[in-house]
Amino acid sequence: MMQVFDWPITVYYEDTDAGGVVYHANYLKFFERARTEMLRALGISQRILLEQKLGFVVRHADIDFFHAARLDDQLKVRSCIAELKKASLTFCQELVNPEGQLLCKALVKVACIDNQKMRPQAMPQSIILELTKSDR
């Protein structure tokens, strides 16, 4: 599977509650952005997939919170593919600070679907090939 993909995240005021701590739902947004950028780095355009009536939807998320992220923190989302199936991917994602401290971790399963029928569909072989290249 693909090696770890790192994506920088800055915590903005809009990401936090009144105390300057990241609101729990926003960690999912950070992870979503990192997954999108990981696919983009592989040459997989979600816009083009949508034009082909395909899309990725979150099927399941398991998330653990360890330490709070705060306003103005410069963080990194580390993402890798933990499992690849014919019509789904499971990402392992971690939010870490510059010292490498784990703030939050999630396993996120996304399913490939036919956007018109709203049913699972096998991923195109070209995507599977990009995801399984071992030299990345």
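Every value quoted in this text rests on a predicted model; they were computed, and no experiment measured them.
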### Query
Should V96 and Q101 count as side-chain neighbours, where that means a heavy-atom distance under 4.5 Å?
no
### Query
Should N115 and L50 be marked as a side chain to side chain contact (heavy atoms under 4.5 Å, CB included) after you check the CA-CA gap, both sets of side-chain angles, and the distance that decides it?
CA-CA 8 Å; N115 280 341; L50 288 173; 2.9 Å; yes
### Task
Taking all heavy atoms of V22 and all of R70, pick out the closest pair and write down the distance.
CG2-N, 4.3 Å
### Heavy-atom pair of closest approach, residues L39 and L131
CD2-CD2, 4.2 Å
### Task
Hey, could you give me the CG/OH distance between L28 and Y23, rounded to the nearest 0.5 Å?
10.5 Å
### Query
Could you state the interatomic distance from CZ (F5) to CZ (R78), rounded to the nearest 0.5 Å?
11.5 Å
### Query
Which atoms form the tightest heavy-atom contact between D15 and T10, and what is the distance?
OD2-O, 3.8 Å
### Query
So how far is it from K133 NZ to Q3 CD, rounded to the nearest 0.5 Å?
13.0 Å
### Message
Using a 3.5 Å distance criterion without hydrogens, assess whether the side chain of D17 forms a donor-acceptor pair with backbone atoms of G20.
### Response
yes
## Note on the structure
Closest heavy-atom pair, C112 versus M123, reported as atoms and distance to 0.1 Å, is CB-CG, 3.6 Å
### Task
Compute whether any side-chain donor of one residue and acceptor of the other, for R35 and Q93, lie under 3.5 angstrom apart.
yes
### Query
So C104 and F31, side chain to side chain contact (heavy atoms under 4.5 Å, CB included) or not? Walk me through it.
CA-CA 10 Å; C104 183; F31 292 148; 3.9 Å; yes
### Message
Show, in sequence, the C-alpha distance, side-chain angles and deciding distance for L103 and F65, and conclude whether the side chain to side chain contact (heavy atoms under 4.5 Å, CB included) test is met.
### Response
CA-CA 6 Å; L103 306 180; F65 302 94; over 6 Å; no
### Closest non-hydrogen atom pair, I81 against M38
CG1-CE, 3.8 Å
### Message
What I want to find out is whether E51 reaches R47 closely enough, with some N-O distance under 4.0 Å, to be called a salt bridge.
### Response
yes
### Y13 backbone acceptor or donor facing T16 side chain under 3.5 Å
yes
### Message
Check this for me: does any side-chain nitrogen of one of E32 and K29 sit under 4.0 Å from a carboxylate oxygen of the other?
### Response
no
### Query
To the nearest 0.5 Å, what is the distance between CD1 (I128) and CG (L89)?
8.5 Å
### Task
Compare every heavy atom of A69 with every heavy atom of L75, then report the nearest pair and how far apart it is.
CD1-CB, 3.7 Å
### Query
When the ring planes of F30 and Y27 are compared, do they come out parallel, tilted or perpendicular, using 30° and 60° as the limits?
perpendicular
### Message
Could you measure the distance from the CZ atom of R33 to the OG1 atom of T36? Nearest 0.5 Å is fine.
### Response
9.5 Å
### Task
Check whether any side-chain heavy atom of V11 sits under 4.5 Å from a side-chain heavy atom of D72, and report yes or no.
no
#### Entry: Main-chain N/O of L107 paired with D62 side-chain donor or acceptor, under 3.5 Å
no
### Query
Roughly how far, to the nearest 0.5 Å, is CD of E94 from CG of D6?
10.0 Å
